[in-house]
A.B. asks: 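For reference, the structure I am asking about is given below.
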Amino acid sequence: MPSFPINVLARHLEHVPAFDPSTDLPALAEVLGTLPDPRSHRGRRYRLGPLLALTLLAVLSGATSIAAINRSIHGYDPDILSRAGLPGTVRLAASTLRRLLARLDGDAFDTATGTYLATLAADGPPATDHPESRPPLTGLAIDGKTLRGSRTANGTVHLLAALRHDTQTVVAQRQVTAKSNEIPAVAPLLSGLDLSDVVVTADALHTQHAHARQIIDSGGHYLFIVKGNQPTLHRRLKALPWRHALLNDRTDTRGHGRREIRRLKICTVRPGLPFPHAAQAIQVKRRRTDRRTGKTTIVTIYAITSLPPGRVTHAHLATLIRGHWSIEALHHIRDVTYREDASRVRTGTAPRVMASLRNLAIGLARLIGWTNIAAAIDHYRSHPTDGLQLLGLTT
């Protein structure tokens, strides 16, 4: 088996840029094969690792439901199936696959795949826009998403994920406990991650004292949006002398039918700001003009960070703020390209596992160099052998 799947696939996708690290990371099929197998020993006709890898290949090829995954597996040539380590005439029923996905350990699945993606992403090309005397900082966005089609009498599946800004790879994910919210799920989400040289970004919901302390104690930094759920802090930030502060960064971008000008100001925090380890306050004024209607809206956003002055450039700080929304872009792809909200998978852990498979497929495509996930889906649907090589199922 190849020691690194991206190395092999790069030979087949010359039109897609790919980095070329070296690692002894096991093939993804081997990683999936280490998961706890919920099936009875007497009923195991197919090995778990290759079966889950072929399930992922179907998702990578655009399958949006368990029935579509099953059809894809049945449609592969016997030679492809045998190279994947399964009998050439797989007669797997959709109901059998559905039961398997519904009984998998969701935490174990997310831990294994998140660690795999984190290792791949860490072996990518190093950043170059930072002072040579200090290591680069990686943005890590945390945010939640509800799987709307999973609603049952017991509630709806809601997942909280941590995603790297630069590679759009989900490196950790946890399911939010029923009748709870995302806030208690942050601690277990981050507990297994190495936060050294990481800046955790979050929206206002997660601007919590406990989250800030956990991140700092783990060796990381935070960059949190501040809104009305922290009224005293929000009021103090608004009262800072922004009118007299220097303009630290300005960007002017055009796209998606609009023009957006963002102006960033930074203020070194005054003593007594009521938030642990806060070192700088940030104001972002966003002026957005719809080029079709001519309508202009102006929004002011406040944020705080534990990053000390001079740790990153002003432009990098602005990039970290914008980069947080990369997790919203991932959610958009899952909803629009993979029709996640329309999915009616509801049994057991199957909704969570399906969402994790989509995260894994998108993350692998991004690490290869695909900028358009729909184009990646078309490619792997037409060239399943390339997908097998990506998953480490053949050389």
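Remember, it's a predicted structure, so these values are computed and weren't measured experimentally.
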A.B. asks: Mind checking whether L189 and V157 sit in one hydrophobic cluster, side chains of I, L, V, M, F, W, Y counted as touching below 4.5 Å?
C.D. replies: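 Cluster IDs for L189 and V157 differ.
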A.B. asks: Can you tell me how far the CG atom of L60 sits from the CG atom of L360, to the nearest 0.5 Å?
C.D. replies: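 The CG atom of L360 is 8.5 Å from CG of L60, to the nearest 0.5 Å.
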A.B. asks: Distance-only, no hydrogens or angles: does the T96 side chain make a donor-acceptor pair with backbone N or O of L92 under 3.5 Å?
C.D. replies: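 Checking the backbone N and O of L92 against the side chain of T96, no donor-acceptor pair under 3.5 Å is found.
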A.B. asks: Evaluate I301 against I321 for side chain to side chain contact (heavy atoms under 4.5 Å, CB included), listing each step before the verdict.
C.D. replies: CA-CA 10 Å; I301 300 170; I321 295 174; 5.9 Å; no
A.B. asks: Applying the side chain to side chain contact (heavy atoms under 4.5 Å, CB included) test to I266, which of D249, L247, L317 qualifies?
C.D. replies: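 Running side chain to side chain contact (heavy atoms under 4.5 Å, CB included) over D249, L247, L317 with I266 returns exactly one hit, L317.
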A.B. asks: D194 and S196: side-chain donor and acceptor closer than 3.5 Å?
C.D. replies: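 Side chains of D194 and S196: pair found under 3.5 Å.
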A.B. asks: State, yes or no, whether a side-chain contact exists between I142 and T201 at a heavy-atom distance under 4.5 Å.
C.D. replies: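 The answer is no; the side chains never approach within 4.5 Å.
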A.B. asks: Can a salt bridge be assigned to the pair R287 and E260 using a cut-off of 4.0 Å between side-chain N and carboxylate O?
C.D. replies: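 Salt bridge flag = no for E260 with R287.
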A.B. asks: Is the count of non-hydrogen atoms from other residues, nucleotides or ligands lying under 6.0 Å from R344 atom CZ greater than 12?
C.D. replies: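 Yes, the 6.0 Å shell around CZ holds more than 12 heavy atoms from other groups.
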A.B. asks: Check whether any side-chain N or O of Y338 sits under 3.5 Å from a backbone N or O of A355 as a donor-acceptor pair, and report yes or no.
C.D. replies: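 No.
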A.B. asks: I'd like to know if the side chain of R259 and the backbone of R291 have a donor-acceptor N/O pair within less than 3.5 Å.
C.D. replies: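 A pair under 3.5 Å: no.
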A.B. asks: Just by distance, do the side chain of N229 and the backbone of A204 share a donor-acceptor pair under 3.5 Å?
C.D. replies: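 Yes: the side chain of N229 pairs with the backbone of A204.
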A.B. asks: Looking at OG1 of T113 and CG of L28, how far apart are the two atoms once the value is rounded to the nearest 0.5 Å?
C.D. replies: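 Taking OG1 in T113 and CG in L28, the distance rounds to 8.5 Å.
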A.B. asks: Side chain of T337, backbone of A374: donor and acceptor closer than 3.5 Å?
C.D. replies: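 No; judged by distance alone, with no hydrogens or angles, the pair does not exist.
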A.B. asks: Let me confirm one number: the CG-NZ distance from L233 to K238, rounded to the nearest 0.5 Å.
C.D. replies: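 Between L233 CG and K238 NZ, I get 12.5 Å after rounding to 0.5 Å.
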A.B. asks: Is it true that R103 and D105 make a salt bridge, defined as a side-chain N closer than 4.0 Å to a carboxylate O?
C.D. replies: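 No.
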A.B. asks: Please tell me if the side chains of L307 and L223 come closer than 4.5 Å, counting only heavy atoms from C-beta onward.
C.D. replies: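 No. Closest side-chain heavy atoms not under 4.5 Å.
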A.B. asks: Can you label the angle between the H165 ring and the H324 ring as parallel, tilted or perpendicular, going by 30° and 60°?
C.D. replies: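 Ring orientation of H165 relative to H324: perpendicular.
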A.B. asks: In terms of ring plane angle, is the pair H209 and F275 parallel, tilted or perpendicular, where the classes change at 30° and 60°?
C.D. replies: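 Perpendicular.
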A.B. asks: Which value, rounded to the nearest 0.5 Å, describes the distance between I362 atom CD1 and L357 atom CG?
C.D. replies: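 Interatomic distance, I362 CD1 to L357 CG, rounded to 0.5 Å: 11.0 Å.
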A.B. asks: Looking at L101, is its backbone amide N or carbonyl O close enough to the side chain of T349 to form a donor-acceptor pair, meaning the two atoms are under 3.5 Å apart?
C.D. replies: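 Checking the backbone N and O of L101 against the side chain of T349, a donor-acceptor pair under 3.5 Å is found.
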A.B. asks: Quick one: does R148's side chain have a donor or acceptor within less than 3.5 Å of a partner on D341's backbone?
C.D. replies: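 No; zero donor-acceptor contacts below 3.5 Å.
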A.B. asks: Tell me if the CZ atom of R346 is crowded by more than 12 foreign heavy atoms within 6.0 Å.
C.D. replies: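 Yes, because the 6.0 Å sphere around CZ of R346 holds more than 12 heavy atoms from other groups.
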A.B. asks: For R262 and K285: C-alpha separation, side-chain torsions, deciding distance, then whether side chain to side chain contact (heavy atoms under 4.5 Å, CB included) applies.
C.D. replies: CA-CA 6 Å; R262 299 170 66 96; K285 280 191 176 291; over 6 Å; no
A.B. asks: For the residue pair H379 and W370, categorise the inter-ring angle as parallel (less than 30°), tilted (30 to 60°) or perpendicular (more than 60°).
C.D. replies: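 Answer is tilted, since the angle falls between 30° and 60°.
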A.B. asks: Evaluate the side chain to side chain donor-acceptor pair (under 3.5 Å) criterion for residues N359 and R334: first the C-alpha distance (whole Å), next the side-chain angles of each, then the deciding distance (0.1 Å), finally the verdict.
C.D. replies: CA-CA 8 Å; N359 287 339; R334 280 165 45 182; 2.8 Å; yes
A.B. asks: Supply the members, apart from V336, of the Ile/Leu/Val/Met/Phe/Trp/Tyr cluster built from side-chain contacts under 4.5 Å; use none for a lone residue.
C.D. replies: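 Via sub-4.5 Å side-chain contacts, V336 links to none.
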A.B. asks: Ignoring hydrogens and geometry, is there a side-chain-to-backbone donor-acceptor pair from S150 to L147 under 3.5 Å?
C.D. replies: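 Confirmed, S150 side chain pairs with L147 backbone.
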A.B. asks: Inspect the surroundings of CZ in R339 and state if more than 12 heavy atoms from other residues, nucleotides or ligands are less than 6.0 Å away.
C.D. replies: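 No.
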A.B. asks: L237 and A303: which non-hydrogen atoms are nearest, and at how many Å?
C.D. replies: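 Heavy atoms of L237 and A303 come nearest at CD1-O, 4.4 Å.
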A.B. asks: Do F224 and L193 belong together in a cluster built from hydrophobic side chains that touch within less than 4.5 Å?
C.D. replies: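 Same hydrophobic cluster.
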A.B. asks: Does either side chain, that of N248 or that of R263, offer a donor lying less than 3.5 Å from an acceptor on the other one?
C.D. replies: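 Side chains of N248 and R263: no pair found under 3.5 Å.
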A.B. asks: Got a second to check how far H331's NE2 is from S326's OG, nearest 0.5 Å?
C.D. replies: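 Answer for the NE2-OG pair, H331 versus S326, is 9.5 Å.
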A.B. asks: Taking it one step at a time, do D386 and Y380 satisfy side chain to side chain contact (heavy atoms under 4.5 Å, CB included)?
C.D. replies: CA-CA 7 Å; D386 286 0; Y380 293 115; 4.2 Å; yes
A.B. asks: Go through the steps for M354 and I69 under the test side chain to side chain contact (heavy atoms under 4.5 Å, CB included), then give the verdict.
C.D. replies: CA-CA 11 Å; M354 287 292 293; I69 292 172; 3.8 Å; yes
A.B. asks: Rounded to the nearest 0.5 Å, what separation is found between the OH atom of Y302 and the SG atom of C267?
C.D. replies: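 Nearest 0.5 Å value for the OH-SG distance: 11.0 Å.
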A.B. asks: Linking Ile, Leu, Val, Met, Phe, Trp and Tyr by side-chain heavy atoms under 4.5 Å, what else ends up with I183?
C.D. replies: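 Cluster partners of I183: L205.
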A.B. asks: Using a distance-only test with no angle check, is there a side-chain donor-acceptor pair under 3.5 angstrom linking T156 and T146?
C.D. replies: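 Checked: T156/T146 side chains show no N/O donor-acceptor pair below 3.5 Å.
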A.B. asks: Sequence neighbours left out, what passes salt bridge (charged side-chain N to carboxylate O under 4.0 Å, His left out) with R99? Give chain and number order.
C.D. replies: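 Salt bridge (charged side-chain N to carboxylate O under 4.0 Å, His left out) check on R99 returns nothing, list empty.
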A.B. asks: Are I225 and V299 co-members of a hydrophobic cluster defined by side-chain heavy atoms under 4.5 Å apart?
C.D. replies: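 Yes, it is one cluster - the side chains of V299 and I225 are joined through contacts under 4.5 Å.
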A.B. asks: Say whether V200 and W325 are linked into one hydrophobic cluster, either directly or through other cluster members, by side-chain heavy-atom distances under 4.5 angstrom.
C.D. replies: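 No; tracing contacts between hydrophobic side chains, which count when under 4.5 Å, never links both residues.
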A.B. asks: Among R352, Q175, R174, exactly one meets side chain to side chain donor-acceptor pair (under 3.5 Å) together with D110. Which residue is that?
C.D. replies: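 Exactly one pass, corresponding to R352.
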A.B. asks: Quick check on the hydrophobic clustering: are L159 and L117 connected, directly or via other members, by side-chain heavy-atom contacts under 4.5 Å?
C.D. replies: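 Each belongs to a different hydrophobic cluster.
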A.B. asks: Under 3.5 Å, is there a donor-acceptor pair linking the side chains of Q173 and S356?
C.D. replies: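 Distance-only check passes for Q173 and S356.
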A.B. asks: State whether the side chain of Q280 and the backbone N or O of I304 hold a donor-acceptor pair below 3.5 Å, judged by distance alone.
C.D. replies: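 No, the answer is negative, given that no donor and acceptor are paired below the 3.5 Å cut-off.
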A.B. asks: Is there a donor-acceptor pair under 3.5 Å between the side chain of T169 and the backbone N or O of V171?
C.D. replies: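 Such a contact is absent between T169 side chain and V171 backbone.
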